[in-house]
Amino acid sequence: MKQSKLLIQTLRETPRDADVVSQQLMMRAGMIQKVAAGIYSYLPLAFRSIRKFEEIVREELAKDGCQELLMPAVLPAELWQESGRWKFYGDELLRFCDRKAKAEMAERRARGEKPDEREFYNFCLGPTHEEVITDIVRKNVRSYKQLPMNLFQIQTKFRDERRPRFGLMRGREFTMKDAYSFHADDACADREYWAMFNAYKRIFSRLGVKFRPVEADSGAIGGSFTHEFHVLAGSGEDAILSCDGCDYTSNIEKTEAPALRAGEHGKAFELKKDHFRTPGVVGQVEQAEGMIDADHPKGMPITQTSKFFLYRATFADGTTKLVGAVLRGDHEVNPVKVKNFVGAAEMEMMPLEEAEAFTGAKSGFMGPVGLKDVQMLVDRSLEGAVNLTCGANRTDYHHFGLDPVRDLPGCAYADLRMAAEGDACTRCGKGHYQAFRGIEVGQVFKLGLKYSKSMGCTFLDEQGRENPMVMGCYGIGITRTVAAAVEQNYDADGIIWPWPIAPYQVHIVCLDPANPEVSGVASQVEQDLEKAGFEVLHDDREGMSPGAKFKDADLLGFPLRLTVGAKGLKDGIVELRDRRTKEVLKLKPEAAAAEVAAARDRIMQELEAAGGR
Ligand code: ATP
Ligand code: MG
């Protein structure tokens with residue numbers, strides 16, 4: 001491919017609205033172009049990388065017998081109503097109405113009615129495809145003899161993300177590989193889960209990126225068991241804790257926090273006053289310092305303060321409940337754990353004004369004591385703790401001496417807090433958690449019966465009895481992964497593409513394209529390399545300085561650069577440069593294909609040694 005004909009515009013300056021390296025470099029390298037917030041065009045170079053990654057995914061899934069199909073991007077509301085997610089998916093689901101529904105809406109408005117537009121939404125853009133695939137399988141699979149089955153697609157998804165950012169990493173429109181498996185029993189679904197887990201390890205290892213499978217929360221999609229695959233990068237949006245003594249690695253949303261051992265709390269004492277006047281004391285540190293009595297003239301340690309959170313939980317059947325969570329003052333609440341403990345489908349913090357009206361106190365003085373109709377949870381780090389401070393549900397007052405068992409009848413202790421770096425590992429009990437940042441590039445879920453039950457996806461077993469199928473689902477963010485690979489592979493000059501997804505593998509830079517002899521050699525080398533099976537971009541642009549060409553080549557970051565210039569050719573040589581190591585090899589133009597092959601083998605060996613885990 002001649003670069004003079006390629007659709008590409010490189011930029012010297014970093015675009016102002018690009019926040020992370022992959023976005024900056026891919027925009028500067030003319031690979032992606034923003035069309036709207038979170039919506040990008042993949043220009044030719046980026047599209048080549050994306051396609052290559054898709055092929056890696058296809059090859060590895062084929063080894064496990066997965067079948068590829070393609071579902072629509074526009075989905076009818078009915079299917080989502082059947083699964084119950086029409087109601088629960090939230091605003092990430094872009095809903096709209098078609099021509100027919102619009103006509104109905106217009107008719108009712110013409111009659112003077114003022115219907116809510118949302119009533120007419122009858123379609124959405126697919127953010128994920130459990131409903132559609134379940135519908136396909138329930139219509140086409142009847143017998144246990146057809147199971148198990150794993151079906152996947154590589155398709156454009158749309159999620160109306162609250163904060164689209166980071167280029168391809170958190171777009172609103174993006175490409176996902178989503179696979180769904182169907183089984184006659186649980187054991188078979190478990191086998192497939194681990195088969196996909198291993199396929200994902202192969203896929204990300206082939207990219208040569210550093211990644212970790214991590215135990216994760218199953219989130220809004222529901223389900224019993226899940227791992228996320230994270231590419232490790234400082235710019236990652238997820239916090240991961242990994243034990244330094246065993247394999248336990250998990251998303252912090254899920255990481256078990258250790259209970260504290262007896263004796264890690266202060267000693268119990270009699271409550272001297274039921275509450276203290278503590279005007280202006282809203283923070284935990286002030287709370288600790290402000291709690292002075294004869295035994296504690298300098299106040300309390302912060303570990304004896306408590307903090308309180310009030311949530312409204314909504315359940316799958318539409319009912320709601322108030323949930324309170326009490327934590328030690330220096331701990332952070334993990335709302336995912338609270339939500340999972342009560343089994344809610346959705347949970348939100350009670351809005352401040354409502355919470356003030358409900359508790360009768362301003363923020364900073366709310367507490368768990370005496371609240372009616374609240375399911376009260378206490379973090380298990382506080383088991384055995386009795387002399388805590390807490391807001392008194394009266395502005396400017398705190399209680400002193402909270403004993404959860406005595407003062408919060410019916411409360412339950414549970415793991416509610418965010419685990420932290422340095423906490424003892426709950427699995428091996430010996431190691432401690434270390435913190436990493438990760439970019440979630442894939443996830444495997446065991447879904448169980450959630451969709452097959454609600455949507456009636458059943459099969460006949462050997463005895464002719466009807467049973468719901470056990471399901472799993474498995475996603476990979478295709479475009480996000482390509483960006484994540486850039487997050488791990490760049491330097492001050494630009495991208496350093498891992499060989500397997502480099503848009504082109506060799507960049508021939510012709511320094512004197514107007515000189516027929518030089519351009520002749522460059523074109524000959526291009527042909528030789530292409531004949532040997534390499535993908536080559538030939539920078540044949542005229543009227544550019546060598547410096548500008550090299551700058552562009554470094555920015556685009558293909559693994560190998562082959563420089564052809566009049567100066568070198570005088571001595572009969574061209575130069576092969578490794579983008580990562582910057583090592584340069586002088587060689588005869590006729591030897592280019594053999595030397596490029598040798599360089600590829602070395603690069604692939606290094607990649608295997610560096611990647612994965
Ligand atoms: P996140 O927590 O990052 O929002 P998710 O857990 O909601 O992602 P899944 O439903 O598991 O995403 O989707 C499968 C994969 O699709 C993810 O692992 C991720 O790689 C990719 N993905 C999800 N949302 C986006 C997005 N907004 N932009 C690009 N890729 C995405
Ligand atoms: Mg996910």
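One-based numbering, in listed order, for ligands and for the atoms of each. These numbers come from the heavy atoms of this one structure, side chains and all, not from hydrogens, waters or symmetry mates.
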Heavy atom of D238, distance to ligand 1 below 4.0 Å: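 Contact check D238 vs ligand 1: negative.
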Non-hydrogen atom of M169 closer than 4.0 Å to ligand 1: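 True for this residue.
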Test item: K307 side-chain N/O and A325 main-chain N/O as donor-acceptor pair under 3.5 Å: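 Answer holds: no.
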Side-chain (R380) to main-chain (A414) donor-acceptor, under 3.5 angstrom: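 No, R380 side chain to A414 backbone: no donor-acceptor pair under 3.5 Å.
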Metal site the Mg ion (ligand 2): N/O/S of T226 inside 2.8 Å: no
Shortest reach to atom 3 (O) of ligand 1 by a heavy atom, considering only R170, E237, E440: R170
Option of least heavy-atom distance to atom 30 (N) of ligand 1 (set: F158, F174, F166):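 Selected option, by shortest heavy-atom distance: F174.
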Is there any N or O on [X] that sits under 3.5 Å from an N or O of ligand 1?
X    : answer
G477 : yes
R159 : yes
R172 : no
T479 : no
V441 : yes
G475 : no

Minimum-distance N/O/S atom that E440 presents toward the Mg ion (ligand 2):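 Of the nitrogen, oxygen and sulfur atoms in E440, the Mg ion (ligand 2) lies nearest to OE2.
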Those residues that, when tested against F123, pass side-chain contact (heavy atoms from CB on, under 4.5 Å) (two or more places apart): V74, P76, F96, D98
F229 and F197 aromatic centres sub-6.0 Å: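 For F229 and F197, the ring centres are under 6.0 Å apart.
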Hey, is [X] close enough to [Y] for a salt bridge, meaning N to O under 4.0 Å?
X    : Y    : result
D247 : R427 : no
R437 : E487 : no
R580 : E606 : no

If the cut-off is 4.0 Å to any non-hydrogen atom of [X], which atoms of ligand 1 fall inside it?
X    : value
E161 : 24 (N), 26 (C), 27 (N)
L168 : 29 (C)
M176 : 13 (O), 14 (C), 16 (O)

Rounded distance (nearest 0.5 Å) linking atom OG1 of T226 with atom CG of N251: 10.0 Å
All salt bridge (Lys or Arg N to Asp or Glu O under 4.0 Å) counterparts of D244, not counting sequence neighbours: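 Here no residue qualifies.
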Cationic tip of R480 above F174 ring, under 6.0 Å, 45° of axis: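 Judged by the rule, R480 and F174 form no cation-pi pair.
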Contact partition for R480 relative to ligand 1, non-hydrogen atoms under 4.0 Å: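 The answer is the side chain of R480.
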